[in-house]
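Notes follow the structure.
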Amino acid sequence: MIFLCTDQNGVSYVFLFLHRHSNSLISLSFPHSFCLFAIGSTISWHKKVQKQEGQMIISLPESCLLTTDTVIRSYLGAYITKWKPPPSPLLALCTFLVSEKHAGDRSLWKPYLEILPKAYTCPVCLEPEVVNLLPKSLKAKAEEQRAHVQEFFASSRDFFSSLQPLFVEAVDSIFSYSALLWAWCTVNTRAVYLRPRQRECLSAEPDTCALAPYLDLLNHSPRVQVKAAFNEETHSYEIRTTSRWRKHEEVFICYGPHDNQRLFLEYGFVSVHNPYACVYVSREILVKYLPSRDKQMDKKISILKDHGYIENLTFGWDGPSWRLLTALKLLCLEAEKFTCWKKVLLGEVISDTNEKTSLDIAQKICYYFMEETNAMLQKVSHMKDEKEALINQLTLVESLWTEELKILRASAKTLHSLQTAFT
Ligand SMILES: C[S@@+](CC[C@H](N)C(=O)[O-])C[C@H]1O[C@@H](n2cnc3c(N)ncnc32)[C@H](O)[C@@H]1O
C-alpha cells in the first residue's frame, strides 16, 4: 500500500510504502510535527482532492497496526509469556517501543520510530517548577500522573531485568526511567482505541491500545467530527470525516470533546478557542464568598456532595455552567427556604433574591479567578525571562492561562447581562 501526502508547505510529496508481507514501513521521509493535508492519503484519495462528508480519510490495514499481538509475536513474546504475574498490555507495548528504539538501524520499525517525537510536553514531562504554575486542579492531576508513571517504572524493573539475555548492554541503561517515560507518552498521546481483547499471557487490564503509523499524524480540532474505529469486515482501522476538507487544507480529527486541561494532561497541548474549554471551580472557591455565618452551610454542602454537585462546576464561554449556578443557588438559599432544596436541584426558581445572590456570588468568583489568572500570567512571563531553557514548557502553560482568561472574560460579560435583569 502506498500513501501520499505533502509537507507542511504543501509543496513536496512524500511517499510511504507499507510492505504487506513484513508489515514494515519501507520509506518514510517526513519530519516530526508533521500533519496530514488534504491532497490524498491513499492513491484513490489523491484523485479526489476535496473530501466530502462521510468519506474515508484513511484506512490502515490491521497488519500495519502495532498492538500487543505484534509484541507477542516478536522476540519479546517468550519473555512475556514466561513472566509472572503477567505484564500489563501497556508494559508490553512500552517494552517493545524502548527495545526497538534501542535496536536503531536493525529495527523494522525504524522509519516509524524516527518520526515519533523525541520528547513530549505532557505534564509528566514538565519540570516541577513549571508544574507549579498550572491551575490547581490540573497540577494535582499532573502530580498523580507523575506518581503513576514512576510507579509503573518501579514495578516493571524486575521484568526488564528478565530481558537481559536479549541485550549486550545492561538492561538498566536501556530501560531507563526516561526511556520508559518516552514510550508511555508515545502510547498515551498517539494510540488509537481497539475493542478490548484478553490474552492469557497479559494481565487483565484492558488491552485496547494500538499504535497506528501515519494515521497518528492527524492533529486534533475540537470543531470537526469524525468516526474512527476498527472495521471488523475490512480488518482496517478507518477514519471517516463528517467535515469537508479543501485541497491543501490540513486535515484534522477530533480526539474527543476534551477541555484544555484534559488536552494538556493527556496530549500535552492546548487548543485555542476550544468550545469545550472551561475554568474549574473548586469547593474551596465555591464557598469563599458565601456568608460564613450560615448555620445550614454544612448541610448544604453535604446535599451537594450526595447529589454530585460538588465536582465539575465550571465557567465556560457561555457563562457559569448550569451545575455551578445550581450549586450556588442551593448554597445561597435563605434559611426559611431551605426545605426547597430539592426544587433548586430540579431547576426551579425559588425567589428573585436567591437568583440575584447566586449570580452576584458567581460574578465575585469569576472576578477572583480573573485576578488569579492575571497574576499567574505575570509569574509565567517573569519566569520566561529568567529561564530560557524552559521557554517551550512555559509558553504552553501561558497559553492555557490565556485561554482561561478569555473564558472568564466571556463569563463575566454573560453574568453582567444576567444580573441586569434583577436591577
Ligand atoms: C496523534 S499525534 C498527532 C501528530 C503530531 N502532530 C506529530 O507530529 O507527531 C498527537 C500529538 O500531536 C500534537 N497535536 C495534536 N493536535 C494538536 C493541535 N491542535 N495543536 C497542537 N498540537 C497538537 C500534540 O503534541 C499531541 O500529543
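Order of listing sets the numbers, starting from 1, for every ligand and every atom in it.
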At a 4.0 Å threshold, what atoms of ligand 1 neighbour a non-hydrogen atom of [X]?
X    : answer
T189 : 1 (C), 10 (C), 27 (O)
D216 : 1 (C), 2 (S), 3 (C), 4 (C)
L217 : 3 (C), 4 (C)

TODO: Using heavy-atom distances, let me know which of F269, Y267, Y255 sits nearest atom 10 (C) of ligand 1.
DONE: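 Comparing heavy atoms across F269, Y267, Y255, the nearest one to atom 10 (C) of ligand 1 lies in Y255.
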Open item on the list: Less than 4.0 angstrom from a charged side-chain N to a carboxylate O is my criterion; do K387 and E129 meet it?
Closed with: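 Yes, charged N to carboxylate O under 4.0 Å.
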- [ ] With sequence neighbours excluded, tell me which residues meet side chain to side chain donor-acceptor pair (under 3.5 Å) with S162.
- [x]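 S162 satisfies side chain to side chain donor-acceptor pair (under 3.5 Å) with no other residue.
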Open item on the list: Below 30° counts as parallel, above 60° as perpendicular, anything between as tilted: where do the rings of Y255 and Y267 land?
Closed with: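 Taking Y267 first and then Y255, their aromatic rings sit tilted (interplane angle of 30° to 60°).
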- [ ] Would you please classify the geometry between the F152 ring and the H148 ring as parallel, tilted or perpendicular, with 30° and 60° separating the classes?
- [x]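 Plane angle under 30°, so parallel.
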Open item on the list: Quick one, F252 and V226 - any side-chain contact, counting heavy atoms below 4.5 Å?
Closed with: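 Contact flag for F252/V226 side chains = no.
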- [ ] Between L218 and ligand 1, find which residue part has any heavy-atom pair under 4.0 Å and reply side chain, backbone, both or neither.
- [x]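 The backbone, only.
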